[in-house]
Protein chains: 2
Amino acid sequence: MPKISDVASRAGVSPATASRVLNGKSTVAPELAERVQAAAAEMQYRPNGLARSLRRRETTVIALIIGDVENPFFTSLARGVEDAAHADGYSVILCNSDEDPVKERRYVDVALQERAAGVVLSSAGSTESIGMLRDQRIPFVAVDRPVEGAATDTVVVDTRSAAAAATLHLLEQGYQRIGCIAGPAGIATADDRLAGYRDALRAANRRIPARLVRHAEFKAAGAKAAARQLLDRRERPDALLVANCVMARGVLEAMAELGLRSGRDVGLAAFDDDPWTTLITPPMTVIAQPAHDLGLIATRLLLSRIADPARAATTSTLHATLIPRGSTER
Amino acid sequence: MPKISDVASRAGVSPATASRVLNGKSTVAPELAERVQAAAAEMQYRPNGLARSLRRRETTVIALIIGDVENPFFTSLARGVEDAAHADGYSVILCNSDEDPVKERRYVDVALQERAAGVVLSSAGSTESIGMLRDQRIPFVAVDRPVEGAATDTVVVDTRSAAAAATLHLLEQGYQRIGCIAGPAGIATADDRLAGYRDALRAANRRIPARLVRHAEFKAAGAKAAARQLLDRRERPDALLVANCVMARGVLEAMAELGLRSGRDVGLAAFDDDPWTTLITPPMTVIAQPAHDLGLIATRLLLSRIADPARAATTSTLHATLIPRGSTER
DNA sequence: CTGTTAGCGCGTTCAA
DNA sequence: TTGAACGCGCTAACAG
């Protein structure tokens, strides 16, 4: 691969001049500029990004750390990040933490080593990784899940009140024993959704039935097991609020095996508006989250912080929308 | 951020010695080594990946270029790539071509600029980007879709024969007018699946009904429109082979709007074993692809080529599996 | 407006 | 075994 000095000598100028032409900095005699451009084109010159970044002391990659690329919520978010990043000439390194604080820490390490310009983080709760980010003063934004401690750019969804609204909806539909299959304790969105569920029951002067609440990973398998425990007994809940659509899949599997039909036998509402939810029978009531916008806004926030590290921290809260469907009609 | 010379002076040695210790190269007096390790730990030293890569003339990132992160087939594949890459200390840059040859070319450009160690490419058909990769002699492997020209490491699925098997299954179930909603013409997997469909009809001495074939993007919306065209007339097909599950969603939407039930009214089989396909009524017949393995094997192949660029090119073909379910029972 | 010089942070010579 | 010197490819500062 040719380097800039090769281009320069072919064009009969100094490397510095070639650099100036190729970067559009300062002004160069039109004739020389043309010779440089021609030489670069002929040789298929491609600047060495590493050398450039080393010298400029800045890169154009941002790291995105999420819990699970196979969860449509996160891929949609990732897409938003990508769109915003590429629009500004940045590349994205995608890292899968598997909701494991140790892996998360490792990826933050990689991001720091590679001198990423910034990080978009949906944290699994590793206070250590957040400490590293803060120590190194590398721009980062918390997305989907807030982080503890000092003020930080944050983009989240009003997931707690959305969970309350969904629970209220179940109450209004006449369900009496409403259970909840929550995400892993300690993860903000999981805790918030559970809290919202409790808020609504409390507001309606209902008992908050600890026996109707289960925690599980944000995966289908765990939710399936939890649902089976909850549903396979006489005193079963007559409705369930589920922390996301991946988990709802597991719940639906359990219900099918137990011969239970959603809506009629068990009211069902879950977070995330997976496109498949309208194709099942009955269609599933969901709490739609603006995942793509979440990624988009988080990334714009990050880019603006990269541009101005001194700017005060911002939190923006997007709204989730309850979409009632057949799974909550008796 | 501290640099290696900072660590060295704190440990009272030269930068060269510090480098030797930190990289485990050559042998250093145990006492000095310990001092260096201690200093590095205290200062939270993190080698500058850019400088290191520049000096070593090699990076540890690989680029993954796919058509659509929001397609579960690709995310599963991406997961396989990630798993294999991280196991070997490589990072992955994920690039979304949107099945657009121009975007694909741009990402190849980025990969070259950043001096990626290699590329895993599911090509949208940009001959230009493949030419660039070949010209620069950068290791790359074609995944899911073969590329034209010189021998290239390739990992694919026997999608053509799988499509034929699925079509044969539809014939055996007694469907008479079998249509096909294919992917975009020019994309290998789309063309192959359509070819397999034709193979099976030809082998059964059936007419190959051009009027029952439609092309669409690998998206729900396009497939929905195509399905509506096909199904909303008297002489409609009584079964459909669909190029993937994302498209099948569109087909199911169209059928719901037309009041058609899969299985009874229209037999339905689609590529990819999306977990939702067992939750709809009736469950959908699918052709399951080993997407995760595809990514895994492709990446291992890539890493082995990075290690030995002279090795002869390999093609491995994985098998897809027909899973008959209710959507192909009358 | 252009060229020369210097150095980003590292790993690897080559001598001692 | 250790350290000094050099250069990976680039761009910013300084001179001319």
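Order of the sequence lines sets the chain letters (A, B, ...), proteins ahead of strands, with each chain counted from 1.
None of A/Thr59, A/Asn23, A/Thr60 except one satisfies the side chain to side chain donor-acceptor pair (under 3.5 Å) rule with A/Arg52; the exception is A/Asn23.
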**OP:** Give the C-alpha distance, both sets of side-chain angles, the deciding distance and a yes or no for side chain to side chain donor-acceptor pair (under 3.5 Å) between B/Ser123 and B/Glu104.
**Re:** CA-CA 8 Å; B/Ser123 176; B/Glu104 178 176 320; 2.8 Å; yes
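In this model, a donor atom of one side chain and an acceptor atom of the other lie less than 3.5 Å apart for B/Thr152 and B/Arg134. Residues A/His86 and B/Asn96 have side chains that never bring a donor and an acceptor to within less than 3.5 angstrom of each other.
Listed by chain and residue number, B/Asp144, B/Arg145, B/Ile187, B/Arg193, B/Phe218 satisfy the side chain to side chain contact (heavy atoms under 4.5 Å, CB included) test with B/Thr189 (two or more places apart in sequence, or in another chain). Judged as a salt bridge (charged side-chain N to carboxylate O under 4.0 Å, His left out), and not counting sequence neighbours, A/Arg300 has no contacts. Partners of B/Arg115 by salt bridge (charged side-chain N to carboxylate O under 4.0 Å, His left out), not counting sequence neighbours: none found. Under the salt bridge (charged side-chain N to carboxylate O under 4.0 Å, His left out) criterion, A/Asp191 pairs with no residue at all, not counting sequence neighbours.
Contact annotation for B/Thr27: backbone-only contact, meaning every heavy-atom pair under 4.0 Å involves sugar-phosphate atoms and none involves a base.
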Original post:
What one-letter contact string describes nucleotides 3-10 of chain C from 5' to 3', where B marks a base within less than 4.0 Å of any protein heavy atom, S marks contact via sugar-phosphate atoms alone, and - marks no contact?
Top reply: BB-BBBBB
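On the nucleic acid side, DNA chain D has its first and last nucleotide under 4.0 Å of a heavy atom of chain A at D/dG9 to D/dA13, going 5' to 3'.
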